[in-house]
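Written out below as structure tokens is the structure these notes cover.
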Amino acid sequence: MIIEPGSYLFSKIECRDYDILLPFSCRKTGQCCSVYVPRIPYEHLEILSQYLGLKADAFIADYQFYYGKKLKGQAVRCPFLDDQNLCQIYHHTLRPWVCYLFPFSYGGEVIPSCPAHVEHRQLLDCLVAGGKEYNVYDSGFCPNLELRPIPEDRWLGILKRFQSAPSLPELAVSFVAFNEP
Ligand code: SF4
Ligand code: SF4
């Protein structure tokens with residue numbers, strides 16, 4: 001199986017003969033976006049304002065105001081975050097890569113304010129427990145997007161390790177969908 005670049009966030013655990021894919025599942029708290037404004041080029045802002053049905057001039061002026069505060073070191077809410085704490089351009093191809101790659105864009109340190117990242121790291125620790133034979137890659141840094149299937153005789157042990165840490169039901173479903181032989 002080939003992992004589609006840009007399709008979702010994941011960690012890939014490379015073992016000697018097979019790979020384990022751990023998808024990242026955002027809990028949509030909006031926490032990260034309520035203290036950050038990404039840099040977005042002017043021409044992208046024009047397209048995005050059109051996409052949102054907003055007047056480009058007013059929206060861009062608004063964005064520049066908030067981005068200017070961010071440049072001064074202030075924690076500013078992103079103007080693309082809506083009242084339900086959801087990103088209004090989440091499914092648009094012009095959503096910045098820094099957003100797409102969060103929380104993996106922070107050099108591998110676990111981010112305590114992101115509950116999904118804390119959960120992800122706990123699961124990762126369970127899956128690589130005791131593993132000298134492992135390499136672990138995150139979405140943006142994975143050199144080989146081909147996924148080697150897990151042998152049947154290893155699957156139940158891996159599933160047990162996954163189940164030894166708490167996870168959301170939808171994450172368990174996608175973990176099985178990606179990895180079950
Ligand atoms: S563009 Fe979307 S994902 Fe990026 S910081 Fe703003 S609200 Fe969050
Ligand atoms: S802080 Fe984490 S869980 Fe919350 S929206 Fe951001 S990435 Fe998702």
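Residue numbers start at 1 and run along the sequence shown. In each ligand, atom 1 is the first atom listed, and ligand 1 is the first ligand listed.
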*Record the part of Gln88 in heavy-atom contact with ligand 1 below 4.0 Å; permitted values are side chain, backbone, both and neither.*
neither
Can you give the donor-acceptor pairs under 3.5 Å from side chains of residues 14-21 to other protein atoms, not counting sequence neighbours?
{"unit_1": "Glu14", "atom_1": "OE2", "unit_2": "Lys12", "atom_2": "NZ", "d": "3.1"}
{"unit_1": "Tyr18", "atom_1": "OH", "unit_2": "Arg154", "atom_2": "NH1", "d": "3.3"}
{"unit_1": "Asp19", "atom_1": "OD1", "unit_2": "Arg148", "atom_2": "NE", "d": "3.4"}
{"unit_1": "Asp19", "atom_1": "OD1", "unit_2": "Arg148", "atom_2": "NH2", "d": "2.7"}
{"unit_1": "Asp19", "atom_1": "OD2", "unit_2": "Arg148", "atom_2": "N", "d": "2.8"}
{"unit_1": "Asp19", "atom_1": "OD2", "unit_2": "Arg148", "atom_2": "NE", "d": "3.2"}

Under 3.5 Å, which donor-acceptor pairs link side chains of residues 159-171 to any protein atom two or more places apart or in another chain?
{"unit_1": "Arg161", "atom_1": "NE", "unit_2": "Cys126", "atom_2": "O", "d": "3.3"}
{"unit_1": "Arg161", "atom_1": "NE", "unit_2": "Leu127", "atom_2": "O", "d": "3.3"}
{"unit_1": "Arg161", "atom_1": "NH2", "unit_2": "Leu127", "atom_2": "O", "d": "2.9"}
{"unit_1": "Arg161", "atom_1": "NH2", "unit_2": "Tyr134", "atom_2": "OH", "d": "3.4"}
{"unit_1": "Ser164", "atom_1": "OG", "unit_2": "Arg161", "atom_2": "O", "d": "2.6"}

*Heavy-atom distance under 4.5 Å between the side chains of Ile158 and Asn179, does that happen here?*
no
Show every donor-acceptor pair shorter than 3.5 Å between a side-chain atom in residues 52-69 and any protein atom, with sequence neighbours excluded, or say none if there are none.
{"unit_1": "Tyr63", "atom_1": "OH", "unit_2": "Pro38", "atom_2": "O", "d": "2.5"}
{"unit_1": "Tyr63", "atom_1": "OH", "unit_2": "Ile40", "atom_2": "N", "d": "2.8"}

*May I ask you to check whether Cys87 brings an N, O or S atom to under 2.8 Å from atom 4 (Fe) of ligand 1?*
no
*If you count the atoms of ligand 1 from 1 in the order shown, which ones are under 4.0 Å from a heavy atom of Cys99?*
1 (S), 3 (S), 4 (Fe), 5 (S)
*Quick one: which ligand 1 atoms are inside 4.0 Å of a heavy atom on Cys78?*
1 (S), 5 (S), 6 (Fe), 7 (S)
_Between Leu94 and Tyr51, is there a side-chain heavy-atom distance shorter than 4.5 Å?_
no
*Quick one: name the protein N/O/S atoms under 2.8 Å from atom 6 (Fe) of ligand 2, chain by chain.*
Cys32 SG
*Relative to Tyr100, does Arg95 satisfy both conditions: NZ or CZ under 6.0 angstrom from the six-membered ring centre, and within 45 degrees of the ring's axis?*
no
*Heavy atoms, side chains only, cut-off 4.5 Å: are Phe102 and Cys33 in contact?*
no
*Between His117 and His120, what is the ring plane arrangement, given parallel below 30°, perpendicular above 60°, and tilted in between?*
parallel
